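Worth saying up front: this structure is predicted, and the values here are computed from it rather than measured.
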Amino acid sequence: MIQHIVPVYFMRKGIQAVIEMVQGDSGREVLFSAQDIVLSSDMSAKIYIEKPSGLASYRNAEIRDNLVSVKATTQMLAETGTCLGQIQVYRETEKVTSFLFLLKVQKSIVDASGIESKDEFTILEQTIQEAIAAIKDATDAKNAATDAAKKALQAAATADASTSNADLKALEAQRAADDAAAAAGRADSAAGKATTEAGKATTAASNANAVYEKLKDISVEQINDDILSIKSTLNKTIIVEG
């Protein structure tokens, strides 16, 4: 609702800025204008306010257009009196802190009496929440990794079983191939023997055919007559042994 534009120094003390606000307000924004450094988008900022009682408010701030923007909170303005403030600017692990400025909180007679002043460390709370979230993420990642490891072990066991089955099938196939080769050898041997016997049969057939060719024109009656003639001649012949 209301903006306060305030100069802030990092290189030297300069003119100490004084900001005046009313107790318990929450609609005020302070734009701290860096007078001696240039702010960039790779930086982050925080504001620290120390109240008159010693309690503190430590909050994140926003950087835009070389300005550090801070929304005033009820806790920041809970106590009347003069508060001390500083802006911190960060880039990665580096940090620079501004010189002090003053925040004067004037008493409100409207509804500020019910405000209890206490420490406001939203940065710490945010860090705790981020740590809790990081722990949860780490736990989830660990559980996911455990599940993945279990699945990997199951897959490895399945692969081992498949490999064993494959090895068994390969052994059975090799045995079948060996049996087939032996059967083929026996078949070749039988074929060789059959060829040999066929050759013998062919030779016998040729011999029989030759005999047939020689005998086919001979007359059986003529042979009988010749035999009888020979016997008769022998009976009439006198053989003298000398």
Determine whether a donor-acceptor pair (N or O, by modelled atom type, separation under 3.5 Å) exists between the side chain of Asn60 and the backbone of Lys46.
no

Kindly say whether Gly185 contributes a backbone atom to a donor-acceptor pair with the side chain of Ser189 at under 3.5 angstrom?
no

With sequence neighbours left out, which residue pairs that include part of residues 70-104 fulfil the ring-ring contact (aromatic ring centres under 6.0 Å, His included) condition?
Phe32-Phe101

Without swapping roles, check the side chain of Gln88 against the backbone of Thr97 for a donor-acceptor pair under 3.5 Å.
no

Set of salt bridge (charged side-chain N to carboxylate O under 4.0 Å, His left out) partners for Asp167, sequence neighbours left out:
none

Enumerate the residue pairs fulfilling side-chain hydrogen bond (donor to acceptor under 3.5 Å, both in side chains) with a member in residues 2-13, sequence neighbours excluded, ordered by first and then second residue.
Gln3-Glu29, His4-Arg28

Which residue pairs pass the side-chain hydrogen bond (donor to acceptor under 3.5 Å, both in side chains) test when at least one of the two sits in residues 47-57, sequence neighbours left out?
Lys51-Gln75, Lys51-Ser117, Ser53-Glu79, Ser57-Glu120

Have Ser33 and Gln35 got a donor and an acceptor in their side chains that come within less than 3.5 Å?
yes

Have Ser44 and Arg91 got a donor and an acceptor in their side chains that come within less than 3.5 Å?
no

Counting only heavy atoms not in Leu171, do more than 12 sit closer than 6.0 Å to its CG atom?
yes

Taken to the nearest 0.5 Å, the spacing of Gln16 CD from Leu100 CG works out to 6.0 Å

Enumerate the salt bridge (charged side-chain N to carboxylate O under 4.0 Å, His left out) contacts for residues 168-180, please, sequence neighbours excluded, ordered by first and then second residue.
none

side-chain contact (heavy atoms from CB on, under 4.5 Å) between Val30 and Met21, intermediate numbers included
CA-CA 10 Å; Val30 184; Met21 293 187 181; 3.1 Å; yes

Got a sec, which hydrophobics cluster with Leu31, joining ILVMFWY side chains under 4.5 Å apart, including via others?
Ile5, Leu67

Gln23 (side chain) donor-acceptor with Ala78 (main chain) under 3.5 angstrom:
yes

